[in-house]
Amino acid sequence: MPAFSLLDCGNMLVQYRSKRRLKLTAVYKCACRGCHGGCLFDLTVEDGKLIKAVPSKEGPLNRGRACVKGLSIIEQIYHPDRLRYPMKRAGKRGEGKWERISWDEAISLIAEKMNSLIDTYGPECISSLTGTGRHHLPYFTRLSNAIGTPNASSAGGLICLGPRTKAAFANSGLFGGVDYYGSVRPGGIMVWGANPAVSGADGELQWFIKDAVKEGIPILVVDPMPTELALKAKIWLQIRPGTDGALALCIINLLIREDLVDHDFIDNYTVGFEELKVRCADYSVDKVSAITGIPADQIIEAARWIGSTKPLGLEQGCAFEQSTNSMDTSRAIHMIPAITGNYDVPGGFVESMEIAPAGLPLPNELPQDKKDIALTEGHAYLIQDSIAHPWNVLEAARTGKPYKIRGMFINANNTLISLADAKHSRECLMELDFLVCMDHFMTPTAELADIVLPAAMWPEVDCVFAMPEFGDQVLLSQQKVIQTGECRTDEEFFIELCRKAGWNFGYHDQREMMEEQIKIMKERRPELAGYTLDDLRERGFIAPERTYYNYKKNGFRTPSGKYEFASCVMKRYGLDPLPSWHEPQGTFVNSPETGEEYPLILITGGRQQSYFLTAYRQIRPLRDREPYPLVFMNPETADKYGIKEGSWVWIENEKGRITQKAAFKSGMKKDVVSCQFGWWYPEAGAPGYGWDESNVNILTFLDGEHDGYMGSYRMRALQCRIYPNPDCIIEKRYEKWKADNKE
Ligand SMILES: Nc1nc2c(c(=O)[nH]1)N[C@H]1C(S)=C(S)[C@@H](COP(=O)(O)OP(=O)(O)OC[C@H]3O[C@@H](n4cnc5c(=O)[nH]c(N)nc54)[C@H](O)[C@@H]3O)O[C@H]1N2
Ligand SMILES: Nc1nc2c(c(=O)[nH]1)N[C@H]1C(S)=C(S)[C@@H](COP(=O)(O)OP(=O)(O)OC[C@H]3O[C@@H](n4cnc5c(=O)[nH]c(N)nc54)[C@H](O)[C@@H]3O)O[C@H]1N2
Ligand code: SF4
Ligand SMILES: [Mo]
């Protein structure tokens, strides 16, 4: 029993008398961002310390539930290894020697060094790298804009969510998701290249899909792995990795041929249907069955189920984005709910509500001459959004071509572990004149920096954000309820740095930015005009009522005003306006010569409940649940290569080799292995933290073929071989570390 009672569930301060002295206790509503976020928590703070984190029953997306990541927030915040103050490199780059400095000194040093690089080489010599959508993401590009460099880059955007959102924008103008919220329940859900029961995917939290399956809503799963959802699916299409685009076009072909399409929608609200019909005819069932490895009768059964299930939702994941067909595959999959009349219908595949912007309009546009020299490699999307390709940025740091990248900001990205081709990344980062990294913990990437800055965790951040990402349905509030060490939010750092360096950030503090978001929310949604920022923080969320069939009133937000099967946007960039699919580089079909040496298909990713990307490997309650990286394989495959269940295995291809622990799944195809991603070993310590031992991005490709529109690179559908690793020390090292660090 706690020694006090909680008298309040809002933000009201409650005072009570303990035996010794007066303590201040308060409970705050705050949305968790331990993943992409969205579970509302009640956080109890006593004397400035977070003492309790309970999932809130009022949370519109979690309704009292939370996962292990959110529930371990207290261990995360007060972890002894957490970065608590800024540090300056004291030894050679990457040697792991540091000197504590003040924020003032850190910011002065960064401003001075970056400005001297800018004065000598121009602002384009500064680049920045971030990862997936965290609270500061919109302001990260603003920082680059303020500096005047066109070279902001991301380890996430090109292979995650970027293709899906850009495809949705090209087709219909807005991103979408499954309508789990209304009174009409989905009649069925397609789960394509996603495992939302673990990942929550990039939009929804995991609870909705789990509830839907429990409720008996049938699902169709497209996945090479026998995931929990695949095994519960009405139809599971066990696809050959990297062939989703061919399958999607074949399904559209069958829907058209069997007249399972919605003629009213097609005739009145779309353009390009006749062209699409001709294009899809190239993707016959027999041909696509041979490409995908899925029996023809299963593809036909799937198409008939899709055509007859109403309303039908779509959960799409990052699997098909991590390939060089990412944009077209995303576009084709997005067309399936549209062509069958499930677009923006109750219980179907609904549009973003756009309650409030994720980011704010930039104060100063980049001049055209800077946009023209962005390291985009000519990819249309990157040009359009002035985003640099990480391959070109890193190569420019290494080779000085077309000009040298000299300074870099890395906020919220463990580049060496999450970006493809890790050895290449390390080599390039070592070439920089000046690197600033901001993170919660020392990582193999932060270890290469000149200055390391301590970042705030979610209960230490004031923020307003819409969920699901890009498919806004609910506006949630995060609150800074505690202060740990000298940790700051990324936004605070950007603002202070810009002030000191003389760059125009545009906003003076976080409150001003949040007020601006609320102002825009009110302009967009007059029915929410009564809400203030303080109301939102008090309640934790605002959830307006969903509206449907928006296109009937407003048209689609595309150049034609219609849903575009043939895309004007693609045409504008000189690209094929219709989706197609080609065999990606480096598969058995087009690289049979390497197939002899590397006879297995390697997929990477596959999320883990205990971790978010590369984070949390040092958090004991999480690490103890999933202590080692697993490589999944069919038992017969293991037998063939002399591998025992639970033993350590080498996984090798032309890029290098890593080791993971064998886990058997009898439902897997015999020629596929699947490696977990995100692995490094905090317990291995400096230097290196075991960055190259089990890190699957040693085996992936940032070079070679890229998607023509998005620049997506190859992280799945690769080749590899496997063999036993009898001398692995990883388990012994972890056990020893645990024994030495008893709680
Ligand atoms: N717990 C947890 N949640 C997360 C994350 C996390 O790290 N941990 N990461 C977040 C992020 S950034 C993202 S992008 C999402 C990702 O979440 P998801 O999009 O669900 O991605 P994954 O789980 O990596 O992969 C989904 C499925 O794709 C399958 N797959 C592999 N190759 C192919 C293929 O070629 N075709 C098809 N159809 N399927 C294939 C895998 O077997 C896997 O089951 O999760 C988010 N949520
Ligand atoms: N092989 C393979 N590689 C993949 C994937 C895959 O499926 N397979 N998935 C890819 C995907 S989908 C994505 S999105 C990328 C993701 O890549 P990233 O989003 O870059 O993920 P991480 O590398 O884990 O970097 C996050 C780091 O930021 C820190 N951090 C967390 N929150 C904050 C914050 O608010 N501020 C600061 N400053 N730091 C913070 C964490 O401690 C962690 O060290 O990885 C990709 N890499
Ligand atoms: S699912 Fe995400 S938002 Fe919810 S508790 Fe887990 S980490 Fe936090
Ligand atoms: Mo992602």
Side-chain angles (χ1 to χ4, degrees), residues 2 6 9 11 26-46 49-79 82 131-137 180 195-211 412 439-441 455-469 473-482 484 487 489 537 539-541 543 607-626 678:
L6 296 178
C9 61
N11 292 343
V27 183
Y28 299 89
K29 291 254 177 286
C30 183
C32 174
R33 303 295 292 272
C35 65
H36 286 139
C39 293
L40 200 65
F41 270 71
D42 294 323
L43 298 181
T44 305
V45 178
E46 186 180 276
K49 204 168 173 215
L50 182 63
I51 58 160
K52 203 163 156 188
V54 181
S56 170
K57 290 206 168 54
E58 292 143 58
L61 302 177
N62 61 314
R63 297 173 197 150
R65 294 175 285 190
C67 83
V68 286
K69 298 183 288 301
L71 291 170
S72 67
I73 184 59
I74 295 177
E75 279 92 345
Q76 293 172 36
I77 296 249
Y78 300 115
H79 193 285
R82 184 156 175 217
T132 192
R134 295 185 175 86
H135 60 90
H136 65 273
L137 190 64
Y180 292 112
N195 187 18
V198 176
S199 65
D202 285 284
E204 293 295 345
L205 291 160
Q206 56 191 281
W207 320 115
F208 290 106
I209 186 82
K210 286 181 177 162
D211 289 347
D439 207 299
H440 297 145
F441 289 94
M457 286 186 176
W458 59 267
E460 301 160 343
V461 177
D462 280 324
C463 180
V464 165
F465 70 108
M467 276 292 289
E469 273 199 292
Q473 164 78 22
V474 175
L475 201 64
L476 290 146
S477 163
Q478 236 181 300
Q479 314 202 47
K480 178 180 166 87
V481 299
I482 48 165
T484 309
C487 297
T489 66
R537 288 156 70 80
R539 298 185 39 170
F541 69 95
R607 268 46 190 170
Q608 298 181 250
Q609 192 63 265
S610 310
Y611 302 117
F612 192 56
L613 303 153
T614 76
Y616 308 142
R617 297 317 188 274
Q618 60 284 87
I619 308 300
R620 276 293 293 280
L622 300 181
R623 182 71 185 274
D624 286 346
R625 291 181 83 240
E626 300 185 77

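Throughout, residue positions are numbered sequentially from 1 according to the sequence presented. Values below: every heavy atom of this structure, side chains too, minus hydrogens, waters and symmetry copies.
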With Arg63, which residues qualify under side-chain contact (heavy atoms from CB on, under 4.5 Å), at least two apart?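 In terms of side-chain contact (heavy atoms from CB on, under 4.5 Å), with neighbours along the sequence ignored, Arg63 is linked to Phe208.
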Applying side chain to side chain contact (heavy atoms under 4.5 Å, CB included), run through Ile77 and Glu460 and close with a yes or a no. CA-CA 9 Å; Ile77 296 249; Glu460 301 160 343; 3.7 Å; yes
Who are the salt bridge (charged side-chain N to carboxylate O under 4.0 Å, His left out) partners of Asp462, not counting sequence neighbours?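 For Asp462 the salt bridge (charged side-chain N to carboxylate O under 4.0 Å, His left out) partners, ignoring immediate neighbours, are Arg537.
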Which residues pass the salt bridge (charged side-chain N to carboxylate O under 4.0 Å, His left out) test with Asp211, not counting sequence neighbours? Arg65
Are the side chain of [X] and the backbone N or O of [Y] linked by a donor-acceptor pair below 3.5 Å?
X: Tyr616; Y: Gly34; result: yes
X: Arg623; Y: Gln618; result: no
X: Gln609; Y: Val68; result: no
X: Arg134; Y: Arg33; result: no
X: Glu46; Y: Lys52; result: no

I want to check something: taking the side chain as every heavy atom from C-beta on, are Ile73 and Cys32 in contact at a cut-off of under 4.5 Å? no
Are side-chain heavy atoms of Ile482 and Tyr28 found at a separation under 4.5 Å? no
As an exercise, state the distance from CZ of Phe41 to CD of Gln479, rounded to the nearest 0.5 Å. 14.5 Å
Where is the tightest heavy-atom contact between [X] and [Y], given as atom of each residue plus distance?
X: Cys39; Y: Trp207; answer: SG-NE1, 3.4 Å
X: Asn62; Y: Gly38; answer: OD1-O, 4.3 Å
X: Ser610; Y: Arg625; answer: OG-NH1, 2.8 Å
X: Gly131; Y: Leu137; answer: O-CD1, 3.9 Å

Check against side chain to side chain contact (heavy atoms under 4.5 Å, CB included), Tyr78 and Lys49: CA-CA 10 Å; Tyr78 300 115; Lys49 204 168 173 215; 3.3 Å; yes
For a side chain to side chain contact (heavy atoms under 4.5 Å, CB included) check, start with the C-alpha distance between His440 and Met457, then their side-chain angles and the critical distance, and finish with the verdict. CA-CA 7 Å; His440 297 145; Met457 286 186 176; 3.7 Å; yes
Leu40/Lys29 under side chain to side chain contact (heavy atoms under 4.5 Å, CB included): CA gap, chis, key distance, verdict: CA-CA 7 Å; Leu40 200 65; Lys29 291 254 177 286; 3.7 Å; yes
Are Arg607 and Tyr611 in a cation-pi contact, defined as NZ or CZ under 6.0 Å from the six-membered ring centre and within 45° of the axis?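 No; the conditions do not both hold, so Arg607 does not lie above the ring face of Tyr611.
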Who passes ring pair (Phe, Tyr, Trp, His ring centres under 6.0 Å) against Phe441, sequence neighbours left out?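 With neighbours one apart ignored, the set is His79.
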Set of ring pair (Phe, Tyr, Trp, His ring centres under 6.0 Å) partners for Phe465, sequence neighbours left out: none
Applying side chain to side chain donor-acceptor pair (under 3.5 Å) to Lys210 and not counting sequence neighbours gives Gln206
Residue pair Thr489, His136: steps toward the side-chain hydrogen bond (donor to acceptor under 3.5 Å, both in side chains) verdict: CA-CA 8 Å; Thr489 66; His136 65 273; over 6 Å; no
